[in-house]
Amino acid sequence: MYAIVRSGSRQYRVEEGALVVVPDLDAEPGTTLTMSEVLLIADGDTVKAGAPLLEGATVTAEVVARGKGEKIRVFRYKNKTRSRKLTGHRSRQATLRITKIEA
């Protein structure tokens, strides 16, 4: 059984027991979250799709960790002027463990 859920502006395919890395959430590690923006649930041959969301479907997840992602380097360069600048940033992210998918 798997589900497609929306967190922020992205969609994720999740299964029970799987770890999912999502953009940062305001939750401490160890807390339980209920995601109600479920787009699709598939169980074997049966597939339930919402238009756009499934009513009554929820996915329960536990926050495992919070941290920063990989560093993204941005290099700006202007030709013939010896102008160059290197900047970067690390986006905050949270790791979730999916505990239950309910249709």
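The first residue of the sequence shown is numbered 1, and numbering continues consecutively from there. Quick caveat, the model's predicted, so the values are computed rather than measured.
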**Request:** Dump the intermediate steps for side-chain contact (heavy atoms from CB on, under 4.5 Å) on D43 and K48, then the final yes or no.
**Result:** CA-CA 9 Å; D43 187 14; K48 296 178 186 175; over 6 Å; no
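- Inter-residue side-chain proximity for S7 and E37 is flagged as unmet; no heavy-atom pair is nearer than 4.5 Å.
- Using a 4.5 Å cut-off on side-chain heavy atoms (C-beta onward), L86 and R73 make contact.
- Under a cutoff of 6.0 Å and an axis angle of 45°, R84 and Y77 do not form a cation-pi pair.
- Classification of K68 and E70 as a salt-bridged pair fails, no side-chain N sitting under 4.0 Å from a carboxylate O.
- Annotation: the span from S91 atom OG to I72 atom CD1 amounts to 5.0 Å, rounded to 0.5 Å.
- Put simply, CZ on R97 and OG1 on T60 are 14.5 Å apart, with the number rounded to the nearest 0.5 Å.
- When atom types are taken as modelled, the side chain of R90 and the backbone of G69 share a donor-acceptor pair closer than 3.5 angstrom.
- With sequence neighbours left out, the salt bridge (charged side-chain N to carboxylate O under 4.0 Å, His left out) criterion links K100 to E102.
- No side-chain heavy atom of L96 sits less than 4.5 Å from a side-chain heavy atom of V64.
- Put simply, the side chain of R13 reaches to within 4.5 Å of the side chain of I4, judged on heavy atoms.
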Give every donor-acceptor pair under 3.5 Å between a side-chain atom in residues 26-35 and any protein atom, sequence neighbours left out.
from: E28; atom 1: OE2; to: R66; atom 2: NH1; distance (Å): 3.4
from: T31; atom 1: OG1; to: E28; atom 2: O; distance (Å): 2.8

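- Between R10 and P23, the closest heavy-atom pair is NH1-CG, 3.9 Å.
- Put simply, CD on E62 and CG on L19 are 10.0 Å apart, with the number rounded to the nearest 0.5 Å.
- A 4.5 Å side-chain heavy-atom check between I98 and V59 finds at least one atom pair inside the cut-off.
- By the 4.5 Å heavy-atom criterion applied to side chains, L40 and Y2 are counted as neighbours.
- With L39 as reference, L53 is the one residue of V5, L53, L54 to meet the side chain to side chain contact (heavy atoms under 4.5 Å, CB included) rule.
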